[in-house]
Amino acid sequence: MAEYNFREVEKKWQKVWADQHIYRADNQSGKPKFYALDMFPYPSGAGLHVGHPLGYIASDIVSRYKRLKGFNVLHPIGFDSFGLPAEQYAIQTGQHPAITTEQNIARYKEQLKNIGFSFDWEREVQTHTPVYYRWTQWIFMQLFNSWYNKETDKAEPVESLVALFEAQGNETVQAECDDDTPLFSAGEWNSWSPEEQLKVLLHYRLTFPSEAVVNWCTALGTVLANDEVKDGVSERGGHPVERKKMKQWMMRITAYADRLLKNLQDLDWSEPMKDMQTNWIGKSFGCELQFKVDKSDRVLTAFTTRPDTIYGVTFMVIAPEHEWIDELTTPGQEPVVKEYVNAAVNRSERERQMDVKSVTGVFTGSYAINPFNQEPIPIWVADYVLAGYGTGVVMAVPSSDDRDYRFAKHFELPVRLVIDGTQDMEDPTEKKHGIMINSGILDGMDSKKAVQKAIEHAEKEGFGKAKVNFKMRDAVFSRQRYWGEPVPAYFKDDLPYLIEEKELPLELPAIDQYRPTETGEPPLGRAKDWTYKGYPIELTTMPGWAASSWYFLRYMDPGNDQAFAQKEVVDYWGQVDLYLGGTEHATGHLLYSRFWNMFLFDRGWIGHEEPFKKLINQGMIQGRSNFVYRVVMQDSAGEDNKTVKTPEVFLSKGIVDRIEKSNLTRAEKEIIEKLVNERLGEFNAKNGTDWTIKSIDSAKISPMHVDVSLVNNDVLDTEAFKNWRPELNEAIIIPEADQTYLCGYEIEKMSKSKYNVVNPDDIIDRYGADTLRLYEMFLGPLEQFKPWNTNGIDGVFKFLRKLWHLFHSNEGEFIVTDDAPSPQELKILHKTIKKAQEDIENYSFNTSVSEFMICVNELSALKCHKRGILQDLVVIISPYAPHIAEELWHKLGNTDSITQTTFPEFNASFLVESEHEYPVSVNGKMRAKMSFPLDMPKDDIEKQVLASEAIQKWLDGKSPKKVIVVPKKIVNVVV
RNA sequence: GCGGAUGUGGCGAAAUUGGUAGACGCACUAGACUUAGGAUCUAGCGGAGCGAUCCAUGGGGGUUCGAGUCCCUCCAUCCGCACCA
């Protein structure tokens, strides 16, 4: 029987597509555009596993579909090729990271090309190449040269800020700037030296060097961004992270906090994803209140969202890092405060997070004055107050905040109730809102109104003002690494200057070793002559997110050496219409990209504010690990007698289960023990040992990962298993009664060490790329997390074979006829067209594959080999299985690529039924099925239903109360 | 603790959005063919029962002629955030 030769067919068409540039996207077109983007991969040394292509397959299906629907489609791919693993490999081997990176990219490309994606490879970008990072550096320079004008609500060139300073100083300028920016007049500004002016401007630039507390990871030798730290350890590698003050380049992303938040509303992203970003930005409304410190000139400013509870303030708490601590501490309290502050500061971030429950703190000895009632309130220090949020000062209201409450209880500080109804409550913090009591001017007001009233009062009296706070911090932009973009800046007298634009790219210098220098400087400190005009160049490099924050723009115009992309071209392609990638980038890449895109928009280089119109998060494909069950042999000499050769005995899963549940019958037990001992006897004879198993149910059994490629449907290939590793050559395998050895399984992350990695190349080799594509989609909803299980793949493989046989006889002859399709065949086809179209537009690819299977099954049953049906069928299947579709398309006599045809319109008239089969139910239970013409009036249907014998039986002599007829759905008789 | 999601056969999953629950596929069972195979075809396949029929969508309650779908409540699993004042 002549079978479909997928190997030959797939290779053939992949070559033709590449040779003829079938998927080249044009920057000018009369067609509407569609931009389908995947999150580009980091090319790791392990290569692709079957989980990686999931999103690419989905976006490829959409891309191919959109082409058939007449769109000019941009569907690019590239590589995020700066990164830590290549650098660590370089540190170990001394090999330049570019070499490893490029090898990995070559491997990735080969794997990707095998799957038959319709990528426009001519637009490929690699972020580690100077032609690319030249523009990453260029964007950095523009950020340095910009400030954020709150009045116009956008970024502007620094020149406009300088003009304002020259005219009016900075008191009236509405700009995003550091909190410690000094105030000055126009006269002062104009009297300053250029250096003094530059120093001031650093407070305003969108990127700037700053002495900042950062997440320092000693093991990795670099700082990490907040989103790269999880639970106090590094996201990559899980190394401990500590807080450390270092000179760092920062990005003033906080300037965009409000817009990043506001724009989320209009994005077609999933709600959970928007929630995550909203949460991360963490906007809260409230006010700052000033508390005079008793017997001092100092004024503590506290941020609160609940100024209405001001009369409930019974103490203040400041962060251990607060700069006035020494000043506020009275001599008597000095020893305990010093001790506490030292302990708190030395505790790592991790330790602090580990016990959020325990209450610690000390009294400073000083008092602050509540500005509303002039009451003195004690000032404490506690590490539950974060230096980085708000002002690092909290006005504690133990009656409405549970942390304050726990603190007050622990240190026996007073609790004053300010909300009516909390008097009888065990924990007053459970009632957050109500009528104010014990609250002076706020008494009797609703708490929500009182918030406004309190702010108004504070503003009028001059000791407070309304204030919005964000959780989001400015982003640290420096990494103490080699394998990243050099920062195009140098230092002269401690002031940063940019190198000239014409000097870009500032290429990575060669160095002899890739580790930090002996003096603790970043690896670039090893470079010879790393200077510009004789001044030292910045030694840190950019973080991973720099390159990925704008790559989607570079795809539009990848060869441009005059600009990162030509404005007209960017305006043509505009927003990414569909962006596919994992949820893990919610607070990293997706936020930074929006930030940079917005900045480029503000400055007029691109015409759209938000980069990604629609976002879909594909779920991760997990690994399905298989286990074998090894009997731990014990002899009289002890468990680990290394001098004697130990047999490897493996029990099948079914036996292990029954042993664990003590379900083995005596007879079974004896059979198994006899079998094991027989085999052990053979082993003993050969090796001169004397192993035996006395009692199978007291044997110690340990599960062991076994390579999933040795297992099929959880049945172990025992011969392959014995050849897997030398020590298994003589393995004793105890199977089930039917002689198969069953393995156990567990769902885990795919990883080499668990032997559960499935390589797409192996699947393609055995089943072909089309099968892989179909099967990945068939596996379940795109957005769901799901384990890979090769078991079901036969089904889709059979489907392709059946499709092939609609066109070919068993002998391999092409048997398509020109007979006119029957109404029944047309109905099958058009039903499938409709479903396929709806499914792609709703991104539910799994049900589409099922629909194709049903369609092919039905046509096979009808022995339909008609061109009029099959021609359209291959077109609608082509986005999923492009190779076989292209082959069949050409066999049908077409000479162009199937990509160049159009998606068939479904004809609704083929789908209309003249009769409909109504399920008829009595009291909501289905009792019969009856067919009626579609246009039959409800009354007539009702009469016929009631007259029918089947229903009379159910009515049982009673008369119906009512009869409900829902057109095309159901007839319900209520008794 | 806060926020979000999910829960349907042995397994992956469908369900026209309130209308015949389990489509399609895997696995399994029986049969056919056979050059004996990891091929193909036919039939069966949630549970109970010979059957008519009854019971089943995490548990309990509610709305409705009718609930996997809507409401309330509890439980379980997964994912984010986590002292954010």
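Chain naming here is simple, since letters A, B, ... match the order of the sequence lines and numbering starts at 1 in each.
For A:Val385, the listed nucleotide lying nearest its side chain is B:A85; candidates were B:A85, B:G3, B:C81. Minimum atom distance to the side chain of A:Arg801 is reached by B:A39, of the listed B:A15, B:A39, B:A85. When each of B:C83, B:A85, B:A82 is scored by its nearest atom to the side-chain atoms of A:Trp280, the top-ranked nucleotide is B:A82. Each of B:A13, B:G25, B:A15 was ranked by its minimum atom distance to the side chain of A:Phe778; first place goes to B:G25. Of the candidate nucleotides B:A15, B:C24, B:C83, B:C83 has the atom lying nearest to any side-chain atom of A:Tyr384. In this structure, of B:A85, B:G19, B:A14, it is B:A14 that holds the atom nearest to the side chain of A:Asn846.
Within the nucleic acid shown, A:Ile964 comes within 4.0 Å of at least one base atom, counting heavy atoms only. At the heavy-atom level, A:Asn469 lies nowhere under 4.0 Å from the strands shown. Using a 4.0 Å heavy-atom criterion, one finds that A:Ser284 contacts the sugar-phosphate atoms exclusively.
In this structure B:U73 sits in the anti conformation; its chi angle is more than 90° from 0. An anti orientation is assigned to B:G46, its glycosidic angle lying beyond 90° of 0.
Between A:Arg7 and A:Asp765, at least one side-chain N (NZ, or NE/NH1/NH2) sits under 4.0 Å from a carboxylate O, which counts as a salt bridge. At a threshold of 4.0 Å, the pair A:Glu851-A:Lys834 does not count as salt-bridged, since none of the basic side-chain nitrogens sits closer than that to a carboxylate oxygen.
B:U20 and B:G25 have their C1' atoms separated by 22 Å, with the value rounded to a whole Å. As rounded to the nearest Å, B:A5 and B:A85 have P atoms that lie 22 Å from one another. Taking the C1' atoms as reference points, B:G10 lies 30 Å from B:G19, given to the whole Å. Nucleotides B:G7 and B:U57, compared at atom P, are 14 Å apart to the nearest Å. Nucleotides B:U42 and B:U6 have their P atoms positioned 38 Å apart, rounded to a whole Å.
Of the side-chain N and O atoms in A:Asn279, none sit less than 4.0 angstrom from OP1 or OP2 of B:G80.
With hydrogens and angles disregarded, no donor-acceptor distance shorter than 3.5 Å links the side chain of A:Lys863 to the backbone of A:Ser860.
Counting only Watson-Crick and G-U wobble pairs whose two key distances fall under 3.5 Å, RNA chain B forms stems of three or more stacked pairs at B:1-7 with B:75-81, B:10-12 with B:24-26, B:28-32 with B:40-44, B:46-48 with B:53-55, B:58-62 with B:70-74.
Considering only heavy atoms from C-beta on, A:Asp404 stays 4.5 Å or farther from A:Leu413 through its side chain. The side-chain heavy atoms of A:Trp788 and A:Gln622, taken from C-beta on, include no pair separated by under 4.5 Å.
Contacts between residues 782-799 of chain A and RNA chain B, defined by a heavy-atom separation under 4.0 Å, are made by A:Gln784, A:Asn791, A:Gly792, A:Gly795, A:Lys798.
Aromatic pair A:Phe315/A:Phe407: centroids less than 6.0 angstrom apart.
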